[in-house]
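Excluded from the calculations below are hydrogen atoms, water molecules and symmetry mates; all remaining heavy atoms, backbone and side chain alike, are included. Quick caveat, the model's predicted, so the values are computed rather than measured.
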Amino acid sequence: MFGISIGNRITPITTITNLYALEIDPQASAAEYRERIIGPVRGLLPESVINTIEEQLSGACTTEIAAFKAFSRIIGESGNKFVVMDTAPTGHTLLLLDATGAYHREFTRQAGSRSAGQSSTPLTVLQDPEQTKVLIVTLAETTPVLEAAGLHEELRRASIEPWAWIINNSLAAAVTHSPLLRERAENELVEIDAVAHQHARRYAVVPLLTKEPVGEELLRAIISQKE
């Protein structure tokens, strides 16, 4: 496994074969995007013109476009490998969906009717249940479950159907003898029931662990407990 930050060198993390991690750095992506545009004309155009182009490409819009292009490249790799994307259920997710929707509409408009049925965009990949499985991760607490349910509905409005929910760090699924923790575990049951019967088509509950499951061995141990 390798940790990769766009614009930075590759750093090895573990020895798992064919497993890589990629962090999209918006600022580094924007710098690369600007260089791809300015690089070919640097030295050919007057310095004043180059400075004007750099200034025009220094705004937040350029950063968003560059980050989205990096996101699109990753989605495009899903045809021949498994791509796992981790994003929190916050405004970032909704902005991302809005960006994919805008990209899809513009792509369809430019392609015209002749290729309308053949186009593949990040949004169509996310909408295809054969290509994409969306997992919503939450805690067995009122606010996280409500926020996750809101994200679930936003995804549905974008024609993306979440595949499953994961309830993480659950005391109800762990072994505890503390009266306080047992009371909290009882309270979790209400939220787990809400996920099971109101929100999720399928779900899994991961117990609170004494040690973070970092690495292949500890992750396999969680799987073996469920079997």
- prompt: Looking at side-chain heavy atoms only, is the closest gap between Ser170 and Val206 below 4.5 Å?
  reply: no

message: Between Gln131 (side chain only) and Leu126 (backbone N and O only), is there a donor and an acceptor less than 3.5 Å apart?
response: no

query: In Å and rounded to the nearest 0.5 Å, what is the CG to CD1 distance from Leu45 to Ile50?
result: 5.0 Å

Heavy-atom pair with the smallest gap, counting every atom of Ile37 and Val41: O-CG2, 4.0 Å

- prompt: Looking at CD1 of Ile192 and CH2 of Trp165, how far apart are the two atoms once the value is rounded to the nearest 0.5 Å?
  reply: 12.5 Å

- request: Mark yes or no for whether Thr63, through its side chain, and Gln27, through its backbone, hold a donor-acceptor pair below 3.5 Å.
  value: no

Sequence neighbours excluded, every pair satisfying side-chain hydrogen bond (donor to acceptor under 3.5 Å, both in side chains) that has a member inside residues 45-62: Arg42-Glu54

message: Between Ser29 and Ile24, is there a side-chain heavy-atom distance shorter than 4.5 Å?
response: yes

- prompt: How far apart are the closest heavy atoms of Leu189 and Ala172, and which atoms are they?
  reply: CD2-CB, 3.9 Å

query: Transitively linked via ILVMFWY side-chain contacts under 4.5 Å: Val137 with Trp163?
result: yes

- prompt: Above 12 or not: heavy atoms from other molecules or residues under 6.0 Å from CD of Glu153?
  reply: yes

message: Quick check: is Val190 connected to Leu181 through a chain of hydrophobic side chains (ILVMFWY, heavy atoms under 4.5 Å apart)?
response: no

message: With a sphere of 6.0 Å drawn around CZ of Arg34, does it hold more than 12 non-hydrogen atoms of other residues, nucleotides or ligands?
response: yes

field: Residue pair Leu155 / Ile136, side-chain heavy-atom distance below 4.5 Å
entry: yes

field: Residue pairs passing the side-chain hydrogen bond (donor to acceptor under 3.5 Å, both in side chains) test where at least one lies in residues 197-214, sequence neighbours excluded
entry: Asp193-His197

Lys81 (side chain) donor-acceptor with Glu77 (main chain) under 3.5 angstrom: no

query: Can you find a heavy atom in the side chain of Val145 that is under 4.5 Å from one in the side chain of Glu141?
result: no

field: Any His152 side-chain heavy atom under 4.5 Å of Glu161 side chain
entry: yes

message: Hydrophobic clusters here meaning ILVMFWY residues chained together by side-chain heavy-atom distances under 4.5 Å, can you tell me if Leu151 and Leu146 are in one?
response: no

task: Please report the C-alpha distance between Ile160 and Thr132 in whole Å, then the side-chain angles of each, then the deciding distance to 0.1 Å, and finally whether the side-chain contact (heavy atoms from CB on, under 4.5 Å) criterion is met.
output: CA-CA 9 Å; Ile160 300 171; Thr132 303; 5.8 Å; no

message: Ignoring hydrogens and geometry beyond distance, is a side-chain donor-acceptor pair present between Thr142 and Glu191 at under 3.5 Å?
response: yes

message: Is there a side-chain contact between Glu154 and Arg157 in this structure, where contact means two heavy atoms from C-beta onward sitting under 4.5 Å apart?
response: yes

query: Do you know which two heavy atoms are closest between Leu218 and Pro213, and how far apart they sit?
result: CB-CA, 3.8 Å

message: If you compare all heavy atoms of His177 against all heavy atoms of Val175, which two are closest, and at what distance to 0.1 Å?
response: NE2-CG1, 4.1 Å

field: Flag, side chain of Glu188 to backbone of Ala140, donor-acceptor distance under 3.5 Å
entry: no

- line: CG of Asn169 to CG of Leu209, rounded to nearest 0.5 Å, is 7.0 Å

field: Note, Pro162 side chain near Leu135 side chain (heavy atom, < 4.5 Å)
entry: no

query: Do Ile167 and Leu139 have side chains that get closer than 4.5 Å, going by heavy atoms?
result: no

